[in-house]
Amino acid sequence: MAIERTFSIIKPDAVAKNLIGPVTTKLEEAGLRVVASRMTKLTQVEAQQFYAVHSERPFYHDLVKFMTEGPVVVQVLEGENAVKKNREIMGATNPADAADGTIRKAFAESIERNAVHGSDSPENAKIEIGFFFSSAELATLTR
Ligand code: IDP
Ligand code: MG
């Protein structure tokens with residue numbers, strides 16, 4: 001398996017609870033390397049566009065509100081099988097279903113306020129990385 005990249009967001013709930021370090025440690029301990037990282041506050045339009053795939057879902061409006069309530073950390077993670085590895089260390093969407101040792105089991109409050117986002121496929125990882133990081137910026141930051 002070649003080295004792959006995925007996209008991660010440390011969501012407003014986790015940032016507000018001072019958990020940037022502990023969340024990033026879990027990612028690093030899982031074998032993922034942070035190759036780009038930036039704190040930002042999503043605008044309503046950014047959150048709407050980022051989660052456009054969920055626009056018909058009943059939770060969409062609240063999700064956009066949550067994702068814009070405070071700063072987030074957007075990251076590019078690199079490693080073998082990074083997309084799958086990140087999904088594993090994140091845990092299930094609903095923390096009640098998340099396995100022991102996962103980020104959501106340890107830090108998430110609810111199915112909505114669940115600490116982290118992670119791309120669900122290599123194709124979406126590319127799209128999501130491109131949403132937040134320019135290719136010039138990534139080229140500069142790559143080891
Ligand atoms: P994922 O983040 O595990 O990939 P998705 O189904 O893609 O889960 O949902 C995106 C985000 O929308 C979730 O991480 C969570 O913040 C929110 N969400 C998903 N399902 C629900 C729900 O049933 N109620 C409230 N919020 C939800
Ligand atoms: Mg998803």
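Note that the numbering runs from 1 along the sequence shown for the chain. When a ligand or atom number is given, it counts from 1 through the structure's own listing order. In this text the structure is predicted, and so the values were computed from the model without any measurement.
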Engineer: Among protein heavy atoms, which lies nearest atom 4 (O) of ligand 1, and at what distance?
Structural biologist: R87 NH1, 2.9 Å
Engineer: May I ask you to identify the nearest protein heavy atom to atom 17 (C) of ligand 1, giving residue, atom name and distance to one decimal place in Å?
Structural biologist: L63 CD1, 3.8 Å
Engineer: Give a yes or no on whether the backbone of R104 and the side-chain of N114 come within a donor-acceptor separation of less than 3.5 Å.
Structural biologist: no
Engineer: Considering only non-hydrogen protein atoms, determine which one is nearest to atom 16 (O) of ligand 1 and report residue, atom name and distance to 0.1 Å.
Structural biologist: E112 O, 2.8 Å
Engineer: Within the 4.5 Å heavy-atom criterion, are R113 and E69 side-chain neighbours or not?
Structural biologist: yes
Engineer: For a quick check under 3.5 Å, do Q44 and T68 share a side-chain donor-acceptor pair by atom type?
Structural biologist: no
Engineer: Would Y51 count as being in polar contact with ligand 1, using the rule that some N or O on each side must be under 3.5 angstrom apart?
Structural biologist: no
Engineer: With a heavy-atom distance limit of 4.0 Å, tell me whether K11 approaches ligand 1 through its side chain, its backbone, both, or neither.
Structural biologist: side chain
Engineer: Just to check, does M67 reach to within less than 4.0 Å of ligand 1 when the distance is taken from its heavy atoms?
Structural biologist: no
Engineer: Considering only non-hydrogen protein atoms, determine which one is nearest to atom 15 (C) of ligand 1 and report residue, atom name and distance to 0.1 Å.
Structural biologist: I111 O, 3.2 Å
Engineer: Between F50 and F132, is the gap from one ring center to the other below 6.0 Å?
Structural biologist: yes
Engineer: Do Y51 and I111 sit in one hydrophobic cluster, given that two such residues count as connected whenever their side-chain heavy atoms are within less than 4.5 Å of each other, even indirectly?
Structural biologist: no
Engineer: Could you check if a side-chain atom of V23 sits within less than 4.5 angstrom of a side-chain atom of F107, using non-hydrogen atoms only?
Structural biologist: yes
Engineer: Starting from atom 3 (O) of ligand 1, which protein heavy atom do you reach first, and at what distance in Å?
Structural biologist: T93 OG1, 2.5 Å
Engineer: Please report which non-hydrogen protein atom sits nearest to atom 25 (C) of ligand 1, along with the residue it belongs to and the distance in Å to one decimal place.
Structural biologist: F59 CB, 3.5 Å
Engineer: Using a plain distance cutoff, I'd like to know if R104 has any nitrogen or oxygen under 3.5 Å from a nitrogen or oxygen of ligand 1.
Structural biologist: yes
Engineer: Evaluate the side-chain proximity of I10 to Q75: yes if any heavy-atom separation is below 4.5 Å, no if none is.
Structural biologist: yes
Engineer: Please report which non-hydrogen protein atom sits nearest to atom 6 (O) of ligand 1, along with the residue it belongs to and the distance in Å to one decimal place.
Structural biologist: H54 CE1, 3.8 Å
Engineer: Which ligand 1 atoms, with their elements, are less than 4.0 angstrom from a heavy-atom of N114?
Structural biologist: 13 (C), 14 (O), 15 (C), 16 (O)
Engineer: I would like to know whether E4 and K85 meet salt bridge (Lys or Arg N to Asp or Glu O under 4.0 Å); could you show each step before the answer?
Structural biologist: CA-CA 10 Å; E4 186 177 74; K85 204 174 262 180; over 6 Å; no
